[in-house]
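Report on one structure; see the data block that follows.
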Amino acid sequence: MTAIASLLLRDARPSDRVHLLLWDTPNPFELDQITRYNNAQRVNYRDNLLQRTDPTAKFLTLHHRVDEELAELQTLCKQTVKPVVLLEGLDCLITYLNVQPGNHTTLFWSNLENTRKLESLLWIILPHKLAPKTWSETRLIRIPSLTT
């Protein structure tokens, strides 16, 4: 087992708050190993968003629904039977918020960082460039990119 695949995510503290796994190029095989090693459930935000989106809606206005998206992350943690949730695909929401006028991204990160009382340990997988500069180093793991 590789060092990445044996990351111990299940012991992160505080366990009721959001943690970040900064990884530019997650390998599906290693993600599967991390999932099994930590007794985690992988959840894809994009798939979840598509399931919740009205197919007849003409516009996706997530910047007006930041609180609802944060609540959905809490719901994902509540609905899982596993002690750890690995969330992939949140980069689409962050990128969306980044291109919208206003302070939506700052609001999102602030509220996400202050989210408490999650029923499962939540690890969000994100590229390094999308991570907020102010996020607590005690609540993140950086996996270095391999360049050839």
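Residues I143 and D24 fail the side-chain proximity criterion, which asks for heavy atoms closer than 4.5 Å. Within the 4.5 Å cutoff, the side chain of L140 has no heavy atoms near those of the L21 side chain. Side-chain contact between L122 and L86 is absent, with no heavy-atom pair separated by less than 4.5 Å. A heavy-atom distance below 4.5 Å is found between the side chains of W135 and V18. Here the side chains of L73 and L112 are in contact, with some heavy-atom distance below 4.5 Å.
Within the structure, salt bridge (Lys or Arg N to Asp or Glu O under 4.0 Å) pairs that include any residue of residues 78-105 comprise R42-E88, R46-D91 (at least two apart or interchain). Sorted by first then second residue, the salt bridge (Lys or Arg N to Asp or Glu O under 4.0 Å) pairs that include residues 4-23, not counting sequence neighbours, number zero. Within the structure, no pair that satisfies the salt bridge (Lys or Arg N to Asp or Glu O under 4.0 Å) test touches residues 113-136, not counting sequence neighbours. Among pairs with a residue in residues 69-89, none fulfils ring pair (Phe, Tyr, Trp, His ring centres under 6.0 Å), at least two apart in sequence or across chains. Residue pairs meeting the ring pair (Phe, Tyr, Trp, His ring centres under 6.0 Å) criterion with at least one member in residues 114-133, sequence neighbours excluded, are H19-W123.
Residues passing the side chain to side chain contact (heavy atoms under 4.5 Å, CB included) test with H63 are T61, Y96, L97, Q100, H104, sequence neighbours excluded. For E69, the side chain to side chain donor-acceptor pair (under 3.5 Å) criterion is met by Y45, R52, R65, not counting sequence neighbours. Remark: T95 engages L130 in a side chain to side chain contact (heavy atoms under 4.5 Å, CB included) (not counting sequence neighbours). In terms of the side chain to side chain contact (heavy atoms under 4.5 Å, CB included) criterion, residue partners of S110 (sequence neighbours excluded) are, by chain and number, N114. In this view, T105 and N98 satisfy the side chain to side chain donor-acceptor pair (under 3.5 Å) rule, not counting sequence neighbours. In this view, Q51 satisfies the side chain to side chain contact (heavy atoms under 4.5 Å, CB included) rule with no residue, not counting sequence neighbours. Legend: residues meeting ring pair (Phe, Tyr, Trp, His ring centres under 6.0 Å) with W23, ordered by chain and number and at least two apart, are absent.
Between the side chain of N103 and the main chain of T106, no donor-acceptor pair closer than 3.5 Å is present.
Rounding to the nearest 0.5 Å places CD of E30 at 6.5 Å from CD1 of I34. In this structure, CG on L90 lies 5.0 Å from CD1 on I124, to the nearest 0.5 angstrom. The line from CG of L22 to CD1 of I141 is 9.5 Å long, rounded to the nearest 0.5 Å. In this structure, CG on L87 lies 12.0 Å from OG on S120, to the nearest 0.5 angstrom. A distance of 7.5 Å separates CG of L20 from CZ of R139, quoted to the nearest 0.5 Å.
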Quiz prompt | Chi angles and distances behind the side chain to side chain contact (heavy atoms under 4.5 Å, CB included) call for W109, T134 | solution = CA-CA 9 Å; W109 281 122; T134 59; 5.9 Å; no

Exercise. Under the side chain to side chain contact (heavy atoms under 4.5 Å, CB included) rule, what do L93 and L49 come out as? Steps first, then yes or no, please.
Key: CA-CA 9 Å; L93 173 61; L49 179 61; over 6 Å; no

Practice problem: Go through the steps for N111 and D67 under the test side chain to side chain contact (heavy atoms under 4.5 Å, CB included), then give the verdict. | Solution: CA-CA 8 Å; N111 289 345; D67 289 338; 3.7 Å; yes

Quiz item: Given E137 and R142, is the side chain to side chain contact (heavy atoms under 4.5 Å, CB included) satisfied, shown in steps?
Solution: CA-CA 9 Å; E137 288 289 326; R142 297 177 196 276; 2.7 Å; yes

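The two residues L9 and N38 make their nearest non-hydrogen contact at N-OD1, 2.7 Å. The two residues P14 and L121 make their nearest non-hydrogen contact at O-CD1, 4.1 Å.
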